[in-house]
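Down below is the structure, laid out as structure tokens.
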Amino acid sequence: MINTPSKKVINFNVLDIFCGAGGLSLGLEKAGFKTLIGVDFNSEALKTFKNNFPMSEIICGDITKNDVKRKIFDLAKNKMINMIVGGPPCQGFSLKGKKLGLDDPRNFLFKEYLEIVKELKPIVFVIENVKNILSSSNGYFKNKILTEIKKLGYVVNYGVLNAANYAVPQNRERSFFIASKEKVISFPDEIKKKVTVRDAISDLSYLNSGEGKILSKYKNGAKSNYQIKLRSTRLQYHISSNHSDVALKKLKLIPPEKGKEYLPKHMIGKQKFLTTWARLIWDEQSPTIDTRFDTPSNGRNSHPFLNRAITPREAARIQSFPDSFEFIGNKCAVCRQIGNAVPPLLAEAVGTKIMSELNRLEEINNSYAIYNANAYTIIEEFKKNNIRVDHIIADPPYNISKANNFSTMKCKRRGLDFGEWDKTFDLFSWIPEYLQILKQNGSIIIFCSYKYISYICKTLEENKMQVKDIIIWRKTNPMPRNVNRRYVQDMEFAIWAVRNGANWTFNKNKNKPYERSLFETPTVSGKERTMHPTQKSEKMLSELIKIHTNSGDVIMDPFMGSGTTGISAIKNNRKFIGIEIDEKFYAISKSRMNLSNKDLFKFSDLKC
């Protein structure tokens, strides 16, 4: 027996380029990272950064200058930097800039960022940027960025995250590229409960126009859990703008939570944007906080009922900065620092996901390799490492959860609920990705609901696969439901497909005249049964494996659940690779796997 050694947790030392006030670094530090260097050309923003990260080193300068870059390289190597983060400005990402792409002079900072990555070779790096960088010019710039990242030897995940989905009281969408040397990092799960403007700033609702001090005491107690979380011993920069008489007249005409539709036409002026002179809405999220939030004519950033724009501290709260985070500079400089920052709670969610995935649970031993990971992202690692498998047996979520309580039954029952993973699962896009690592003579079996058989067959055929048969698992002891109103559901279905032109494996039982695509076993019960809601029969899977694979073959299950496919594979002298996103089901799979004294299982054995 070979015991897997305990996993060593990686300690991350961060270089934050274009760090600004430090919103990104603050969130990462809360997630367990340590920012050791902050780089920016704005000296006032760096003063704020140093004030809040006193143990860090700061470098003020233009990263295109060789002396500044050399200073960054020397200090980063001395500090053993293994992670880089930042949001390089990219004004050239537009239709006009398409011709030059990353060589457009306006995108030079993006190229310089990647040059620093190339020199320092961090384990992971993060690029945060505007949302439209992914869609501009039909994805042209996004594809250029991905190409450059992959040239550096990294696997990458990218997408748009909205801060409102991560306990930030603000709708703020930003694109993220998360690149790693080995592991593809998933994006953090969204938080269902939304935080509102009321949650963020209701305790600060007492200043009028022109009132407030740089430092002040709290006047009200905390009125929400969010405020309890962010409050400190004092308030800094809770200072209201001193609005003109004209501005105050307009604000007095606008009811709570309303906008300029209440102003006479002659007072609206030539402003075309609908949200100018609009008040924040208490029980919703704020729109994106920008650098001019202290001006009512700038957008929806006036207080919900007081006749003033929000203060820097209120804006910082909406950005999810704690009150203990204090800003250095005059009011205009502070407004820019707050408006340009990454919301710390969003950064914390991203950092927590990076930390958990780079230190994720996995076990590789004699007979199997299993991963507590997202099948949609870890596939990029398999492709990068040239992993090839002989057969895929997948039992993905069926998308059949229902809220129905079967009210026509004498004994009411709850509906079918297989969790959020089932409700939101993408049934089809994983298929072409995993077919890329299937050997030429390999085959695939996909369990699915009868509702989606034709759609999955179509997806397979579009990816040069030939559907050979529909496999039926008939349960000899089905669970009756509402028998006076519907048929007993005693069957599940699976699709078997092979590559066009493949010499596929089919081991017919010599004692039978032919094989039928019907497998009959009882539903899982007794000692074999786990808490997994869709557990398959070990006997049924073992029969499938004997027919469709040979001894020593590698079988992959991207959605291994409680690990029954793996157990069946190992008992029949096959190798197994399994992925499971849910940590509790991963733990069940791991505990059920039998270790054996076979040749050491290495990824190198699976490469082309």
Side-chain angles (χ1 to χ4, degrees), residues 8-42 45-61 63 68-69 71-88 109-110 112-129 149 152 154-158 161 166 174 176-183 185 187-188 320-322 325 337 340-360:
K8 183 179 179 181
V9 175
I10 304 170
N11 294 315
F12 288 96
N13 299 325
V14 180
L15 163 63
D16 189 346
I17 306 175
F18 316 105
C19 63
L24 185 52
S25 281
L26 180 62
L28 291 175
E29 291 222 337
K30 289 182 179 296
F33 299 82
K34 197 71 178 174
T35 298
L36 301 184
I37 307 172
V39 179
D40 207 289
F41 65 90
N42 186 313
L46 277 177
K47 288 176 183 176
T48 294
F49 187 91
K50 183 66 175 177
N51 182 60
N52 291 279
F53 304 94
M55 302 305 293
S56 66
E57 301 276 356
I58 58 172
I59 298 175
C60 185
I63 66 168
V68 175
K69 275 195 288 192
K71 190 173 181 180
I72 293 172
F73 294 156
D74 292 344
L75 188 57
K77 291 173 183 178
N78 179 261
K79 297 284 187 181
M80 294 188 291
I81 293 296
N82 56 5
M83 180 175 180
I84 301 175
V85 300
L109 291 175
F110 200 101
E112 294 294 343
Y113 181 97
L114 292 178
E115 284 297 317
I116 292 172
V117 169
K118 183 178 180 180
E119 173 71 20
L120 296 180
K121 300 177 177 60
I123 295 172
V124 62
F125 67 91
V126 178
I127 298 172
E128 178 267 350
N129 221 284
I149 290 173
L152 296 175
Y154 290 82
V155 288
V156 60
N157 188 22
Y158 64 91
L161 299 180
Y166 301 97
R174 300 289 287 182
F176 282 83
F177 296 81
I178 305 177
S180 166
K181 281 187 174 179
E182 296 181 358
K183 299 179 180 180
I185 311 298
F187 286 123
S320 75
F321 279 99
F325 194 98
Q337 292 172 32
N340 286 329
V342 176
L345 285 182
L346 172 59
E348 182 180 355
V350 171
T352 299
K353 192 65 175 179
I354 292 171
M355 186 70 80
S356 66
E357 298 238 342
L358 290 182
N359 293 300
R360 75 183 173 211

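Only heavy atoms go into these numbers, but all of them, side chains included; no hydrogens, no water, no symmetry mates.
In this structure, Val117 and Pro122 have side chains that are in contact, with non-hydrogen atoms separated by less than 4.5 Å. By the 4.5 Å heavy-atom criterion applied to side chains, Val126 and Phe176 are counted as neighbours. In this structure the side chain of Phe49 reaches within 4.5 angstrom of the side chain of Asp16, judged on heavy atoms. Taking the side chain as every heavy atom from C-beta outward, Ile72 and Val39 approach each other to under 4.5 Å. In this structure the side chain of Leu358 reaches within 4.5 angstrom of the side chain of Phe12, judged on heavy atoms. You'll find the side chain of Asp74 stays beyond 4.5 Å of the side chain of Asn78, heavy atoms only.
Residue-environment remark: NZ (Lys71) stays at or below the threshold of 12 foreign heavy atoms within 6.0 Å. Atom NZ of Lys30 sits in a sparse spot, with 12 or fewer heavy atoms from other residues, nucleotides or ligands closer than 6.0 Å. Annotation for Tyr158: atom OH does not count as buried by contact number, only 12 or fewer foreign heavy atoms lying within 6.0 Å.
Atoms CE and CD1, on Met355 and Ile185 in that order, are 11.0 Å from each other to the nearest 0.5 Å. In this structure, the separation between CZ on Phe53 and CD1 on Ile37 is 14.0 Å, given to the nearest 0.5 Å. Here the CD1 atom belonging to Ile10 is positioned 5.0 Å from the CG atom belonging to Asn359, to the nearest 0.5 angstrom. With values rounded to the nearest 0.5 angstrom, Thr352 atom OG1 is found 11.5 Å from Glu357 atom CD. Note that the NZ atom of Lys34 and the CE atom of Met83 stand 14.5 Å from one another [nearest 0.5 Å]. Atom-to-atom distance recorded for Ile116:CD1 and Lys121:NZ is 13.5 Å, nearest 0.5 angstrom.
At a threshold of 4.0 Å, the pair Glu119-Lys77 counts as salt-bridged, since one of the basic side-chain nitrogens sits closer than that to a carboxylate oxygen. Here Glu112 pairs with Lys69 in a salt bridge; the nearest charged N to carboxylate O distance falls below 4.0 Å. A salt bridge links Glu128 to Arg174: one of the charged nitrogens lies within less than 4.0 Å of a carboxylate oxygen.
Lys353 and Pro188 make their closest contact through CG-N, 3.9 Å (heavy atoms, listed as atom of the first residue, atom of the second, distance).
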Mind running side chain to side chain contact (heavy atoms under 4.5 Å, CB included) on Val156 and Ile178 for me, showing each step along the way?
CA-CA 6 Å; Val156 60; Ile178 305 177; 5.9 Å; no
Would you check, one step at a time, whether the test side chain to side chain contact (heavy atoms under 4.5 Å, CB included) holds for Phe125 with Leu15?
CA-CA 9 Å; Phe125 67 91; Leu15 163 63; over 6 Å; no
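Tested against Asn13, the residues Thr35, Ile123, Ile81 include a single side-chain contact (heavy atoms from CB on, under 4.5 Å) partner, Ile81.
Between Phe18 and Tyr113, the ring-plane angle classifies as parallel under the 30° and 60° cut-offs.
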